[in-house]
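Taking it in order: structure first as structure tokens, then the write-up.
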Amino acid sequence: MRLCVFALIPSEEYDMSWQPSPLEEQRLEKLGRLREAGIDPYPLRAERSHTTAAAVAAFEAAPEGEAVVATVCGRLMSIRDMGKSVFADVADESGRLQLFLRRDDVGEEGHAHFKKLLDLGDFVQATGEMFRTRAGEISLHVRAWQLLSKAISPLPVAKEQEVDGQLVRYSAFADLEERYRQRYADLAVNPEVRDIFRARARLVSALRRFMDDNGFLEVETPILQPLYGGAAARPFTTYHNQLKQELFLRISFELYLKRLLVGGYERVYEIGRDFRNEGVSFKHNPEFTQLEFYAAYWDYRDVMAFTERMIATAARETLGTTTITFRDQTIDLAAPWQRLTMRDAIRQFAEIDYMDYPDAPALAAAIKGIGGEAPPGAPWGKLIDGLLGDFVEPRLIQPTFILDYPRDISPLAKGVPGDPLHVERFEFFIGGMEMGNAFTELNDPLEQRRRFEELQATFTKDDEERNPIDEDYLRAMRYGMPPNGGFGMGVDRLALLLTDGRTLRDVLLYPHLRDKEM
RNA sequence: GACUCCGUAGCUCAAUCGGCAGAGCAGGGGACUUUUAAUCCCAAGGUUUUGGGUUCGAUUCCCAACGGAGUCACCA
């Protein structure tokens, strides 16, 4: 039915769902002229014999005097009209190739159409022999060409020049807002942006391989959850119409993954998206990618050792080295990393021993005494975490484990033996950023209930970070959960670190932006 | 959510004290049979984000809205 409707629309009438710019009007006119000339601007099929890189390699490998015939496909990035001959650059994912097109070779019409009806951004296919120009550039001597896809809107292309093998661009597409909103255009004209996401893909697959190689089972757990938990964060809420049910987008995978240990799996992990309804910053995006794993019979020390190996391995497989540069600082990711207890770290960097201040009001006063921030009514542990964030975190450039966290902000972690105030938990920091969080997981269902209840009391009633008690999780734990160590890490932040990015938006293909009318 | 800065042609950027909105690239017409940011000639291209205000006159000053960047707040 829809097809019939389309068929009834005369070809001259375009859907003017946008206001074409004068440049776009010109191209729409070219589109009409192509159709008049019997050329389909969007043909069904392409025939490619070589990528541009393969064509160049084949030419270089061929014996002197032996013709290398190739058909390449790609996007027109540059056209230099010399009269009866034309030079053009086509780009594909493998690289670029210069086309050399002479009127005598492609005929009057083929020559005229190439010059008059093609634009930068169009996809074309060209067949010919590889050769080297007088200037020394390996090129394709075109005998036949075909349009593969007409571009209506001009890409924000920049002039380019090769200097010592480096591509230098002039007036590159630089408007950050438009680059994020139109990532397709950003990727199309800024090849180094494509490289960033290739690096990110290598990172994710390296992490996955590392987990798989260490006996972990990859699983998928619900994103839409009737209860949220496993972290202190405000959730996004949504609604299932048919079931008449309020649902939350997950803020962590934790509680669902640990249920699987009850089920008999000993090592599980998940790489996926979490959603937190909070502020946006260079290290926060409303949706972000998390790696979580849980391993039976491990404690947080085992997790620490595993973490060091994992990050070093991931860096090596992504970049070929464990020594990276982040914001002009050299960081060595190789194990072993520095280990520092929370108490020592704060003593060292904030010059406060929080054990001297056993309750929240006393600690808050001490924090104010050193010029720190202490939000009124904050629990003791939250104040300590605040000290960590304000005084310690920015200084932790080399990879560092901070261990033994306050119990009252860690309801899912097991206590440090003989220490009622601390739990076996660590976070690790690299480049001044918190990268991940882990603990010896609490597996005592009665203790877990007490912790949840303590937390309910600690956080004020309207605090949206206050997690509801997950009774089903407690039921699972009552069946018996093996002792285990668990881990969560922000994958985007690791990608940011490894690619030396400015902000998380640089490693997210489609970072969240406010809605804006086109 | 608060504060500061920014928004000019398809892209990158100018515009003096408030006085006719300009350039390079891209695009159009033309010349040129191995160019390399090709070059040369000609012509064109604008609701200065939007809406108000002040003024004889606003890209410029004021207010508001929208969007972005940054800082803070928020963020086990």
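Heavy-atom basis, side chains included; hydrogens, waters and symmetry copies ignored. To find a chain, count down the sequence lines: A is the first, B the second, and so on, and within it residues start at 1.
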Counting the atoms with a prime plus P, OP1 and OP2 as sugar-phosphate, which does A/R181 contact under 4.0 Å by heavy atoms, base, sugar-phosphate, or nothing?
sugar-phosphate
Hey, are A/E441 and A/K258 close enough for a salt bridge, meaning a charged N less than 4.0 Å from a carboxylate O?
yes
So, is A/R80 near the phosphate of B/A38, with a side-chain N or O under 4.0 Å from OP1 or OP2?
yes
Shortest non-hydrogen pair, A/E424 vs A/T440, comes out as OE1-OG1, 2.7 Å
Which is it for A/D506 and A/T499 under the side chain to side chain contact (heavy atoms under 4.5 Å, CB included) test, yes or no, and what are the steps along the way?
CA-CA 9 Å; A/D506 291 336; A/T499 59; over 6 Å; no
Report which part of the nucleic acid A/D175 touches: base, sugar-phosphate, or nothing (heavy-atom distance under 4.0 Å, all strands).
sugar-phosphate
First locate atom OH of A/Y184, then atom CG of A/L509, and finally report the distance between them rounded to the nearest 0.5 Å.
13.0 Å
May I ask you to say whether A/R343 pairs ionically with A/D353, meaning some side-chain N is under 4.0 Å from a carboxylate O?
yes
Begin with the C-alpha distance, continue with both residues' side-chain angles, and end with the deciding distance and a verdict on side chain to side chain contact (heavy atoms under 4.5 Å, CB included) for A/F282 and A/M433.
CA-CA 11 Å; A/F282 81 90; A/M433 281 188 293; 4.3 Å; yes
Indicate, with a heavy-atom threshold strictly under 4.0 Å, whether A/L155 touches base, sugar-phosphate, or nothing.
nothing
Lys/Arg N to Asp/Glu carboxylate O, A/R75 vs A/D122, below 4.0 Å:
no
Take the protein atom CG of A/D408 and the nucleotide atom C1' of B/A76, then report the distance between them rounded to whole Å.
10 Å
Within residues 421-430 of chain A, residues whose heavy atoms come under 4.0 Å of RNA chain B
A/R425, A/E427
Mind checking whether A/Y354 and A/H422 have parallel, tilted or perpendicular rings, split at 30° and 60°?
tilted
How far does the P atom of B/U49 sit from the matching atom of B/U8, given to the nearest Å?
6 Å
If you count heavy atoms of other groups shown closer than 6.0 angstrom to CD of A/E373, is the number above 12?
no
Need one value for A/A413: base, sugar-phosphate or nothing, where a base atom within 4.0 Å counts as base even if backbone is also close, heavy atoms only.
nothing
Write down the atom of A/I469, the atom of A/E453, and the distance for their closest heavy-atom approach.
CD1-CG, 4.0 Å
Could you report the tightest heavy-atom contact between A/G229 and A/I251, atom names first, then the distance?
O-CG1, 3.6 Å
Given B/A69, B/A76, B/A38, which nucleotide is nearest the side-chain atoms of A/M82?
B/A38
Assign A/P406 to base, sugar-phosphate, or nothing according to its heavy-atom contacts below 4.0 angstrom with the strands shown.
nothing
Across the strands shown, which category fits A/R502 at heavy-atom distances under 4.0 angstrom: base, sugar-phosphate, nothing?
sugar-phosphate
To the nearest Å, how far apart are A/D81 CG and B/A31 C1'?
10 Å
When you get a sec, tell me which of B/A69, B/C75, B/A73 is the closest nucleotide to the side chain of A/L176?
B/A69
Of all the choices, B/A73, B/C75, B/G67, which nucleotide is nearest to the side chain of A/E177 once you look at every atom?
B/G67
Nearest to the side chain of A/E278 - B/A26, B/A76, B/C75?
B/C75
Atom CE of A/M433 and atom C1' of B/C75 are separated, to the nearest Å, by 15 Å
Does A/F173 reach a base, just sugar-phosphate, or nothing at all? Heavy atoms under 4.0 Å.
sugar-phosphate
Going by the angle between their ring planes, with limits at 30° and 60°, are A/F452 and A/Y473 parallel, tilted or perpendicular?
tilted
Would you call the rings of A/H141 and A/F131 parallel, tilted or perpendicular if under 30° counts as parallel and over 60° as perpendicular?
tilted
Below 4.0 angstrom from OP1 or OP2 of B/G30, is there any side-chain N or O of A/K116?
yes
Reckon A/K115 touches a base, only the sugar-phosphate, or nothing at all at heavy-atom distances under 4.0 Å?
nothing
Counting just side-chain N and O atoms, does A/R27 come under 4.0 Å of either OP1 or OP2 of B/G28?
no
How is the base pairing of RNA chain B summarised as a dot-bracket string, given the Watson-Crick and G-U wobble criteria with both distances under 3.5 Å, [ ] for crossing and | for another strand?
(((((((..((((.....[..))))..((((.......))))......(((((..]....))))))))))))....
Integer-rounded Å distance: B/U49 C1' and A/R514 CZ:
16 Å
Checking B/A69, B/A76, B/G28 against the side chain of A/D119 (C-beta onward), the nearest is B/G28
Would you say A/R505 reaches B/G70's phosphate, i.e. side-chain N/O to OP1/OP2 under 4.0 Å?
yes
Check the phosphate of B/G28 against A/K30, side-chain N and O only, distance under 4.0 Å to OP1 or OP2. Yes or no?
yes
What is the distance from CD of A/E178 to P of B/U12, rounded to the nearest Å?
9 Å
Does the pair A/T221 and A/R250 meet the rule for a side chain to side chain contact (heavy atoms under 4.5 Å, CB included), with working shown?
CA-CA 10 Å; A/T221 61; A/R250 66 181 174 191; 3.3 Å; yes
Under 4.0 angstrom, heavy atoms only, what part of the nucleic acid is A/Y405 near: base, sugar-phosphate, or nothing?
nothing
Mind listing the residues from residues 128-143 of chain A sitting with a heavy atom below 4.0 Å of RNA chain B? Number order is fine.
A/F131, A/T133, A/R134, A/A135, A/E137
Please report the distance separating the P of B/A31 from the corresponding atom of B/G68, rounded so that it comes out in whole Å.
48 Å
